[in-house]
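Taking it in order: structure first as structure tokens, then the write-up.
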Amino acid sequence: MTSITPPAATRPPIAQTGPLAWARKNLFSDWFNSILTVVVASVLLWSGWGLVTWIFSKAQWPVVENNLGFMMTGLYPQAQYWRMWIIMGLIVTLSGLSWGILGRNQQYLFGRSVLIGIGAIAAAVILFPLTRPHSPILFGMVALTVATAWVGQQAGKRLPALSNWLAAGWFLVYIASIWLIGGGLGILAPVRTENWGGLVLTLLMAVTGIALCFPFGIALAIGRRSELPIVQSLSVAYIELVRGVPLITILVMGQVMIPLFLPEGVRPDRILRAIIALTIFSSAYLAENVRAGLQSVPRGQSEASVSLGLNKPLTLILIVLPQALKTAIPAIVGQFISLFQDTTLLAPLGLLELLGMANTALSNPNYLGRYAEAYAFIGVLYWFFCYAMALGSRKLEQQLNTTH
Amino acid sequence: MTQPQAGTMRDSQPVNEPVIIAQDVEKWYDNNFHVLRGVSLTVNKGEVVVVMGPSGSGKSTFIRTFNALEPYQKGTIDIDGIRISHDLKNIETIRREVGMVFQQFNLFPHLTVLKNVTLAPIWVRRWPKAKAEEVAMTLLERVGILEQANKYPGQLSGGQQQRVAIARALAMQPKIMLFDEPTSALDPEMVREVLDAMRTLAAEGMTMVCVTHEVGFAREVADRVVLMADGVLVEEATPEEFFNNPKEERSRKFLSQIL
């Protein structure tokens, strides 16, 4: 038999190249598509132009400019603002380190899109009029991110075990931040929780709520699939009860009704009550997301695990749960984003988080009717943090993908 | 593994020391389907038993009762002198001694090949990591997967995955190995590499119970072939007898369909 040499492997043919060819193929392939392109492009240009002229000439930004401190930190004493900068520095430092340590095996930590992002933020920090008084500090924060990321990568290459300590590091930063905000221990002047507010309060409630509802959600999901009938029915009852009630009801219950039942002395703090209510609500939804993940793990996985002699708890922790959580990442992060935005529901109940502070600023007669400016500004802030979470979840999914 | 040297195909011959004694095992599924209808089988130390039979005959279910993956309702099963019962305490003790290889491999996709193999020795046998990895590397070398140790299962071919699954089961140093149709989910060109790994294992004197349709493997390696049909054990014979001169009508019918 004669042997046949297979043709050498080649790259797929590129049908067309260049921006013109791309435009012809994607925008002007026939007369109908050409009309659509022209119509959509004019609408986009027109509204884009409208937006730009509004931002730069029509909008009056003093409502944001003069209330920036309030929107960021609420009624926090201005003499203590330096604590907020320290917290930001801590978070930025640890973010940079985490980024570097987790990305230690990447050839280029600062790829093209990352450089563009950093450049855009740095340019915004310098050019954006609202934050101009703080430009040097903010610019320093950007530089700190880059520097700590580099340090993290170098350290991570030498000591890969560092990545195991990141969670502990973040926990310490969390505790330190609460101490810095609230003061105490006889070192820092105490600041009462009534004065906590603005973006800081929003982030504090969201982060605490997320950190608490995650373990509760997992526990409820496992409980719902338990073979013990009492554990199972209690989990089902909790999940279905909470999912059947609107969030605002639970929040009102926590803010307005609990104080009616409890005497003055034993009443837990308002912020704590808000966080508990958010956790109660979100853990029920999270439980269902985790349960969907648990159900997606084939039965063969736990069979293989127990047939190796691992007991049921170890099988759950080492084999089933990691796979279930990986599948559920998009849904779980979606729930986290919801929780973050649900903190705005506390504004009508009188908690002065970001939206609450914006409303307070708007009630000042000087800024009468400046809703568009104030809401556009906090809208961008909410978008920034939610998009960061979405990006993080995408990165995590890519990192955990083991199929190729 | 020191075994008396004898025989032609294998380095070692089974000794007359039963390690699996199943007596009149009966099982019903939840929907009252009577899947095992009084099956008895004794497997001696070092013996290779091949279980054949049409699909739905209960052969997979039967061997899955040996490591308590499937509960049974009547009869008794003793594995290495321990009675399989609902008592949780001894279930893990038994599973430690009984390795199992599945049709769908069931490797853990989130762990590397090496971690798949070292997981149980570290968590169940409490071996130090270094020892577990050393044993794992030896086993992976034996099944020819050493270069892939740090890859994930999803990056391996089906045949490679199944060989990792064999290494993973062997890492616990089991006394008995169960194979549940180990080559049925493989592409034809990968069947051989898995059967070769099983042949080596048999030659070393491992006690093996294999559910398989591989006639060549059964002829060459098995000490005994049993045929199951409709939840009963129809015939039990040496491979020569079973394939050349089956006694039962049901066996002849089955063989005429697969040969």
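Each chain gets a letter, A, B and so on, in the order the sequences are listed, and its residues count up from 1.
- For B:Ile94, no part sits under 4.5 Å from any heavy atom of chain A, backbone or side chain.
- Considering only heavy atoms from C-beta on, B:Ile176 stays 4.5 Å or farther from B:Phe66 through its side chain.
- A side-chain contact (heavy atoms from CB on, under 4.5 Å) with A:Cys213 is found for exactly one of A:Leu339, A:Ile275, A:Leu278, namely A:Leu339.
- Only the side chain of B:Val124 comes within contact range of chain A, judged by heavy atoms closer than 4.5 Å.
- Annotation: maximal heavy-atom pairing with chain A below 4.5 Å, among B:Ala165, B:Pro153, B:Ala169, B:Pro109, occurs at B:Pro109.
- The existence of a salt bridge linking A:Arg243 and A:Glu240 is confirmed by a sub-4.0 Å separation between a basic side-chain nitrogen and an acidic carboxylate oxygen.
- Only the side chain of B:Phe102 comes within less than 4.5 Å of a heavy atom of chain A; its backbone N, CA, C and O stay farther away.
- Shortest non-hydrogen contact noted between A:Ser307 and B:Asn67 is CB-ND2, 3.4 Å.
- With a 4.5 angstrom heavy-atom cutoff, A:Leu400 does not touch chain B via any of its atoms.
- Heavy atoms of A:Leu310 lying under 4.5 Å from chain B belong to its backbone as well as its side chain.
- Using a 4.5 Å cut-off on side-chain heavy atoms (C-beta onward), B:Leu156 and B:Phe105 make no contact.
- Between A:Phe340 and A:Phe385, the ring-plane angle classifies as tilted under the 30° and 60° cut-offs.
- Of the two parts of B:Arg64, only the side chain, counted from C-beta on, holds a non-hydrogen atom closer than 4.5 Å to a non-hydrogen atom of chain A.
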